[in-house]
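Here's the structure we're looking at; comments come further down.
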Amino acid sequence: MTAGLILPAGELAAAANLRDEDARYMAAALNLARRGLGRVAPNPAVGALVVKDGVLVGRGVTGHGGRPHAETIALQNAGSAAKGATLYVTLEPCSHHGHTPPCADAIIAAGISRVVSALNDPDARVSGEGHARLRAAGIDVRTDVLADAAMRLNLGHILRSTQKRPMLCLKLAETIDGYAAGAAGAPRLAITGEAANAHVHMMRALHDAILIGSGTAIADDPLLTVRLPGLDAVKPLRIVLDSMLALPAGSRLAVTASSHPTLVITTESASAQKTADLAAKGIEIMPVASGASGHVDLAAALAYLAARGLTRIFCEGGPHLAAALLRHGFADEIILLTGAAALGRPGLPAIDVADRAFLSDPKRYHLREEKMIGPDRLRHYERVV
């Protein structure tokens with residue numbers, strides 16, 4: 001059943017340790033759900049499997065843009081074989097009428113006899129009602145199978161539902177002696193190699209948007225596009241936090257805005273002329289509240305992005321933005337890439353001493369993964385929730 005699927009080590013171990021057929025099928029459903037990451041906002045990426053007499057008869061993952069839902073696709077795939085079968089689903093089936101009828105009703109109508117679910121949906125329109133409706137129809141329902149893994153997979157949806165913000169993955173690159181850049185005015189550093197850079201492009205593709213600050217936009221003049229074979233159509237929203245609209249109209253972000261969606265979040269005091277200049281390039285401008293320092297208020301920016309329907313943000317900003325996100329508790333995951341070479345002279349630290357201490361504090365973060373990508377070291381941290 002799982003041939004060809006690569007399961008994350010933690011979920012594979014959990015399934016094996018439980019010696020539980022439900023856990024094994026759920027691990028496969030979670031792996032399937034990951035195919036939707038970065039493509040299904042504002043909905044969560046859900047995976048569903050229909051299994052009958054030990055045979056996989058249907059499967060589905062949330063469609064691009066959030067519809068159709070995974071359960072609907074899996075049931076259609078199974079056809080008449082769904083009657084009397086078990087449905088494995090990585091999130092509670094919806095119970096409300098939206099753009100599509102409730103998945104709970106489709107499950108009942110298909111004759112499914114048992115549903116195994118990983119996680120209750122915190123969306124107020126569902127919030128246990130989907131499971132309750134299935135039970136009321138006489139369906140055997142088991143919940144909380146590989147719930148921790150499902151929570152991590154759906155963290156963006158959960159945070160958007162409960163805290164009105166998207167999840168945020170912060171990526172930082174540092175030299176082996178801890179620097180993100182040289183002294184002010186120094187040329188941009190090439191810290192990581194081709195393999196690590198390709199990994200970053202894949203991470204971009206798994207998120208709804210890529211976020212930087214105006215300092216990085218000006219200093220590095222990045223494109224923030226996904227440049228991998230076969231992924232030309234994947235175009236995450238490019239976002240710049242730019243309190244005073246300092247982004248040059250001749251920057252690569254500006255000149256490519258007509259072909260790659262680009263948003264600049266600024267403050268209400270931003271220049272009308274600069275707003276017009278950037279808008280003429282095809283950039284969307286959104287003013288939000290400013291903080292005490294006069295810069296974009298991070299909480300207000302994230303609340304706007306959540307209201308817009310974004311669930312997963314990949315931040316490639318520099319050390320200053322990274323520090324602000326860490327100190328406000330907004331960095332839910334951290335990808336720290338350490339290159340093989342040293343800067344060998346004073347420069348801009350990737351993370352200062354106080355913020356680096358956050359990463360080693362078990363009450364704040366835990367190290368999920370550490371591995372080599374070519375000559376570079378990757379450390380993947382997750383915020384304790």
Side-chain angles (χ1 to χ4, degrees), residues 8 11 30-47 61-67 69-70 90-91 118-119 121-123 148-172 199-213 224-226 228 231 233-241 260-263 265 284 286 298-317 321-322 325-326 328-336 365 368-369 378 380-385:
E11 290 157 35
L30 287 164
N31 197 54
L32 181 64
R34 286 187 184 85
R35 298 183 183 183
L37 292 178
R39 293 162 173 77
V40 300
N43 288 345
V46 176
V61 63
T62 308
H64 289 189
R67 290 181 295 275
H69 290 186
T90 58
L91 188 68
L119 196 69
D121 189 342
D123 188 321
D148 288 346
M151 183 273 293
R152 285 294 174 186
L153 178 70
N154 291 288
L155 187 58
H157 171 69
I158 293 168
L159 291 173
R160 183 169 179 261
S161 298
T162 61
Q163 298 185 24
K164 309 305 179 188
R165 73 169 180 89
M167 71 81 68
L168 194 143
C169 178
L170 171 63
K171 187 274 290 184
L172 286 166
H199 183 81
V200 170
H201 281 261
M202 181 56 70
M203 293 294 294
R204 289 176 179 176
L206 296 176
H207 290 78
D208 308 326
I210 306 164
L211 173 70
I212 61 171
L224 302 183
T225 54
V226 177
L228 290 175
L231 294 181
V234 178
K235 297 182 179 181
L237 177 66
R238 305 180 302 181
I239 306 170
V240 182
L241 299 182
H260 291 78
T262 307
L263 167 70
I265 298 180
E284 182 181 358
M286 175 54 62
L298 287 175
L302 292 176
Y304 164 72
L305 294 174
R308 187 186 174 103
L310 301 180
T311 63
R312 293 173 54 82
I313 308 293
F314 190 57
C315 178
E316 296 190 54
L321 178 56
L325 293 169
L326 280 165
H328 282 82
F330 293 144
D332 301 299
E333 296 186 19
I334 299 168
I335 302 293
L336 180 60
Y365 288 95
R368 173 181 176 178
E369 181 182 28
L378 178 146
H380 183 180
Y381 297 88
E382 290 180 333
R383 183 172 61 85
V384 175
V385 294

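- For the residue pair L172 and G317, the shortest heavy atom distance occurs at CD2-O, 4.1 Å.
- Judged purely by atom type and a 3.5 angstrom limit, R312 uses its side chain to pair as donor or acceptor with the backbone of L206.
- Contact of the L153 side chain with the L91 side chain is not registered, since no non-hydrogen atoms from C-beta on lie closer than 4.5 Å.
- Residue I313 holds its CD1 atom at 12.5 Å from CG of L170, rounded to the nearest 0.5 Å.
- One finds the NE2 atom of H207 at 12.0 Å from the CZ atom of R39 (value rounded to the nearest 0.5 Å).
- At least one side-chain heavy atom of L224 sits under 4.5 Å from a side-chain heavy atom of R204.
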From CA spacing to verdict: side-chain contact (heavy atoms from CB on, under 4.5 Å), L325, H328: CA-CA 5 Å; L325 293 169; H328 282 82; over 6 Å; no

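- Minimum interatomic distance between A33 and A45 (heavy atoms only, all atoms of both residues): O-CB, 3.4 Å.
- For the pair R67 and V40, the minimum side-chain heavy-atom distance is 4.5 Å or more.
- Between the side chain of R160 and the backbone N or O of A306, at least one donor-acceptor pair lies under 3.5 Å.
- Proximity of L321 to L298: side-chain heavy atoms (C-beta onward) are separated by under 4.5 Å at one or more points.
- Contact annotation: the side chain of L241 never approaches that of I212 to less than 4.5 Å [non-hydrogen atoms, C-beta and beyond].
- Between T262 and R238, the side chains place a donor N or O and an acceptor N or O closer than 3.5 Å (distance only, hydrogens not considered).
- Looking at R308 and L237, their side chains come closer than 4.5 Å, going by heavy atoms from C-beta outward.
- Rounding to the nearest 0.5 Å places CE of M286 at 9.5 Å from CG of L305.
- Separating the CG atom in L326 from the OH atom in Y381 is a distance of 11.5 Å, to the nearest 0.5 Å.
- E333 places none of its side-chain heavy atoms less than 4.5 Å from the side chain of R383.
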side-chain contact (heavy atoms from CB on, under 4.5 Å) between F314 and L211, intermediate numbers included: CA-CA 6 Å; F314 190 57; L211 173 70; over 6 Å; no

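- Using a 4.5 Å heavy-atom cutoff, the side chains of C315 and K171 are not in contact.
- Residue L168 holds its CG atom at 9.5 Å from CZ of F330, rounded to the nearest 0.5 Å.
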Test log, rule side-chain contact (heavy atoms from CB on, under 4.5 Å), inputs T311 and D208: CA-CA 7 Å; T311 63; D208 308 326; 3.0 Å; yes

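- When each of T62, T90, N154 is checked for a side-chain contact (heavy atoms from CB on, under 4.5 Å) with P44, only N154 meets the rule.
- With rounding to the nearest 0.5 Å, the separation of CG in L119 from CE in M151 is 8.0 Å.
- More than 12 heavy atoms of other residues, nucleotides or ligands lie within 6.0 Å of NE2 in H380, so this atom counts as buried by the packing criterion.
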Steps toward side chain to side chain donor-acceptor pair (under 3.5 Å) verdict (H157, D123): CA-CA 8 Å; H157 171 69; D123 188 321; 4.9 Å; no

side-chain contact (heavy atoms from CB on, under 4.5 Å) assessment of L155 paired with D332: CA-CA 9 Å; L155 187 58; D332 301 299; 3.9 Å; yes

